[in-house]
Every structure is written in structure tokens, then in C-alpha cells.
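Take a look at the structure below.
Note that this is a predicted model, so its numbers are computed, not measured. Here is the naming used below: chain letters follow the sequence lines, and residue numbers restart at 1 for every chain.
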Protein chains: 2
Amino acid sequence: MARPRKPLLSRDRIVAAALAVVDAEGLQAVSTRRLAAELGVSGPSLYNHFRTKDEILDAVADTVVAQVDLSMFEDGTHWPEALVGWARSYRAALAAHPNIVPFLAQGPGRRPAGLRLADAVFGGMVDAGWPPAYATRIGAMMRYFVAGSALGSFARGFVGDPSAYDPADYPHLGQAHLLAEHQQRVDEGAFETGLRALVDGLAVQFEQLR
Amino acid sequence: MARPRKPLLSRDRIVAAALAVVDAEGLQAVSTRRLAAELGVSGPSLYNHFRTKDEILDAVADTVVAQVDLSMFEDGTHWPEALVGWARSYRAALAAHPNIVPFLAQGPGRRPAGLRLADAVFGGMVDAGWPPAYATRIGAMMRYFVAGSALGSFARGFVGDPSAYDPADYPHLGQAHLLAEHQQRVDEGAFETGLRALVDGLAVQFEQLR
DNA sequence: ACCTGAACACCGTTCAAGT
DNA sequence: ACCTGAACACCGTTCAAGT
């Protein structure tokens, strides 16, 4: 076949195929040969569009982060509400593609969507009256919390079998086997409670700065 | 050589070798052949001690989590101080081996050290007067925050080169290139500020429950 | 029980060759 | 410029064979 007169591939098609595989089967299922097969080409073809496999995953991560709503930092919303709305949108974007999160949260993060996000939060907090050093820390701590919550379910860490928790070893985990059953409710409840606590706690510090 | 009269390997030796490779060169540098070479045996030998490579990494993750200090939940420390001390020890344990964190935070988490940790926090919060549903959420949110903070540096996400931040694209990132330089201070400051906010915010909720 | 080498079905990436 | 097949140096894991 050699070179077709119209390219068979594009960066967008490759990224879409990679995201589909990541979502359906996880990070480890993504291989250049697998993606190529999915796209009807041979393995090395991908290297005409990306320099490495990691660059493909970087682009996938970027499209996920690009889904995060940042409008609340520009429309005059008060900072506590802006932070809450943004964090929910941020978490929703990551939770929609949980398998890419470990890659996303590790990488160097100089991806455009990540920088736009950092820019918006920082600007929003400074405009609201936070000193720049605090605005930086707020962006960082929210990323810790959101990435951590999207990275792996807390509740899924517990098996549904009660016999897994010997009272001699784990005296307080008598009800832990119920967590798996209510995984989503537990994780969302923890996220909301933590978000509330973070923002309430920041309000305390904001007052002390006046 | 076949079977030696004294075993060449042990689970502990394999785990120690894996942790050393993870720390020195990252998760992707860990391969069964590489570990075997490091231990002076051939690749398949490892399968006499672990069923899969993931089981080896599970054991590595468990030894890291086992370093976390849980004593503050049993010695009568008031809950806000207990939470702060525990979170610092938790973060320190993970930050000492950042490369294992993505694996650790993702896994099913039915590792003994993880269960002991969950048991201690839950028991400590219930003893302090928190309703069980809240105690669960507190354990979960702290894990989100600590894992997220250990997973990847926030500050390292920014390049040290000022020209990377075109003011037209990122109007508020004019100083962002300084972050890389002060990476550790920035990440630790964000962790401490976030931890303070979380605990202060929880105190507000604790009052409302009375 | 615990080690070995050979083997299977994979990887990411490079490169010369084709149009 | 953009595709191909062949090739290189790797993987995780299984298995029969040895003591």
C-alpha cells in the first residue's frame, strides 16, 4: 500500500481509539499494535503522528482534562462556590475515565489543558483576594484531593465477603464488607464531605488573613 | 543447578529487590527478568514465590503502607491532632517511595497493612464521637488527599522555562516557572495548608452534629 | 520444593523500502 | 509525507526436566 493519497490516520483518530481502549480495558491494554489493529493500519504507522506511546497517552489525558468546566472563575461567582463547582466538574471529568488517572496524575503535566486549568484557578483565587502564595496552594491541594478521589475507589478496596475481616485482626471492620455494595454512594459521600471540609477550612483561613 | 539444598530466594528478598528498583528507576523498570538478574537467579524462579508480577508489587505496596504510624488512634490523642499526625506519617511513608504510589492507590487494596490502617482510623474516629458513616468518609477523604499529594508533584508540573507560559494563553502564570525551583516547599506547603483546611472544616461539621 | 532453559505470545521502537 | 514488513531487544508466564 505504501503512502495513500489521503492519510489513513490522524492524531485525533489515534487519541479517540486510545481513549476507547483505556476506558474499556484499562491502561495496560493499550499497545501500539493493538491501537493500530483497531485503526486498520500496521503498528509502526502510529509513529508518523506521535513520537512515542507516552505522547499518545499524554494527548488522551489532555482531552480528558479539557472537559473540566472553568467558567466559574470568570463569571463573578464567589470563590467558595466557584471552588466547589469546579471541583465537582473536575472530579466528574476524571471519574468518567478513571483508567487514565494514574497516568494523568503522574506525568509532567505540561499539557495545555492542565495549564489552562491551573491558570484559571490561580487567577480566580487571586481575583477573590487570596494572596498569590495561597492561590498556588489552593490549586495544588484541590488537585491532590480530586486526583486522589478519582484514582481509585476507597470502597472498592473492601471485599464483599465478611469473613475477610477477622475481628482479631481488624476489630472495627465488622461492617466493612457492606462498603463494596455501596461503592459509588460511599465514594461520592466521602468526596462531598471532604470538599465541604476543605472549603469551610479555607474560609476560616481567609478570615484570619484579613 | 536445579534445586539447591537451601533456597536461593525468599519473598522478602524479592520484595526488597523490587522496592529498590522501583525507587531507583520507577515502576516500568521492574520486570521479572530484571529482578531475577538482580537476585542472581533466572527469570521463572520468581514464580515459585509469587503467582504473578502484580503480586510482587502488591507486597511492595504493603510494606510501604506498613510504615505508617497508627499509634495516635489508641493513645487518647484528640481526634483533630490524631488526624493531622497520622496524615503526616501517611504522606511521609508514600513520599519516601513515590513511584509505587500509582500502583498502590489503584489496586484492590485488600492488603493487610491497608486494612489495618483503615481499621485504626475508623475505630479512632468512632471512639472520638463521630457517627460511623462519617468515620468511613473521613478515612476515605484522607486517603484521597494523601494519595493525591504523594502521587505526583504539583510543582513539578511546571517547567522552569518562562517562555513556556505565553501570557496570551495563560494570563496568570507569569510566575509559574518559579514553581519548579521550589518544588518541595510548594508541595509541602500545599499539603499542610490543605490538611489544616480539611481538619478545620471537619471541626465545623463535628460541632453541627452535636 | 525450588531451581533451570526453552518456548509462546506478546511488547515499543527503528529503519529501509515503497509511493 | 505516510504507509509497510522485517528486525531488535525486550516483556510475563508456562512447562517439562532436574535434584
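A donor-acceptor pair under 3.5 Å links the side-chain atoms of T63(B) to the main chain of V60(B), judged by distance alone.
The CG-P distance, from L8(A) to dA1(D), rounds to 17 Å in whole Å. Distance CZ (R51(B)) to P (dT13(D)): 12 Å, rounded to an integer number of Å. In this structure, the CG atom of L46(B) is 16 Å from the C1' atom of dA1(C), given to the nearest Å. Put simply, CD on Q28(A) is 10 Å from P on dT13(D), counting in whole angstrom units. The CG atom of L27(A) sits 12 Å away from the P atom of dG12(C) (whole-angstrom rounding). Here the P atom of nucleotide dC3(C) and the NZ atom of K6(B) are 11 Å apart, to the nearest Å. Rounded to a whole Å, the CG atom of L9(A) is 12 Å from the C1' atom of dT4(D). Here the P atom of nucleotide dT14(D) and the CG atom of N48(B) are 12 Å apart, to the nearest Å.
Nearest to the side chain of Y47(B), among dC2(D), dG12(D), dA6(C), sits dG12(D). In this structure, of dC3(C), dT4(D), dC15(D), it is dC3(C) that holds the atom nearest to the side chain of S45(B). In this structure, the nucleotide among dG12(D), dT13(C), dC3(C) sitting nearest to the side chain of H49(B) is dC3(C). The P4(A) side chain lies nearest to dC3(D) when the options are dG12(D), dT4(D), dC3(D). The side chain of P44(B) approaches dA6(C) more closely than any other nucleotide in the set dG12(C), dC15(C), dA6(C). Candidate nucleotides dG12(D), dT14(D), dC3(D) were compared by shortest atom distance to the side chain of P7(A), and dC3(D) ranks first. Of the candidates dC15(D), dC3(C), dA7(C), dA7(C) carries the atom nearest the R33(B) side chain, counting heavy atoms from C-beta on.
Checked for salt-bridge contact, E38(A) and R34(A) meet the test: a charged N lies under 4.0 Å from a carboxylate O. A salt bridge does not link R137(A) to E192(B): none of the charged side-chain nitrogens sits closer than 4.0 Å to a carboxylate oxygen.
The partner of dA9(D) is absent, by the rule that a Watson-Crick or G-U pair needs both atom distances under 3.5 Å. dT19(C) is paired with dA1(D) under the Watson-Crick or G-U wobble criterion, all donor-acceptor distances under 3.5 Å.
Contact annotation: S31(A) reaches the phosphate of dC11(C) (side-chain N/O to OP1 or OP2, under 4.0 Å). For the OP1/OP2 pair of dT4(C) and a distance below 4.0 Å, the side-chain nitrogens and oxygens of S42(B) include at least one atom meeting the criterion.
How far CE of M142(A) is from CG of L195(A): 5.5 Å, rounded to the nearest 0.5 Å. For the atom pair L8(A) CG and R13(A) CZ, the distance stands at 8.0 Å (nearest 0.5 Å).
Residue-level contact check: T32(B) touches the bases, meaning some heavy atom is under 4.0 Å from a base atom. If you check every strand for non-hydrogen atoms under 4.0 Å, R5(B) touches nothing.
The aromatic rings of W79(A) and W130(A) stand perpendicular to each other, their planes meeting at an angle above 60°, with 30° marking the opposite boundary.
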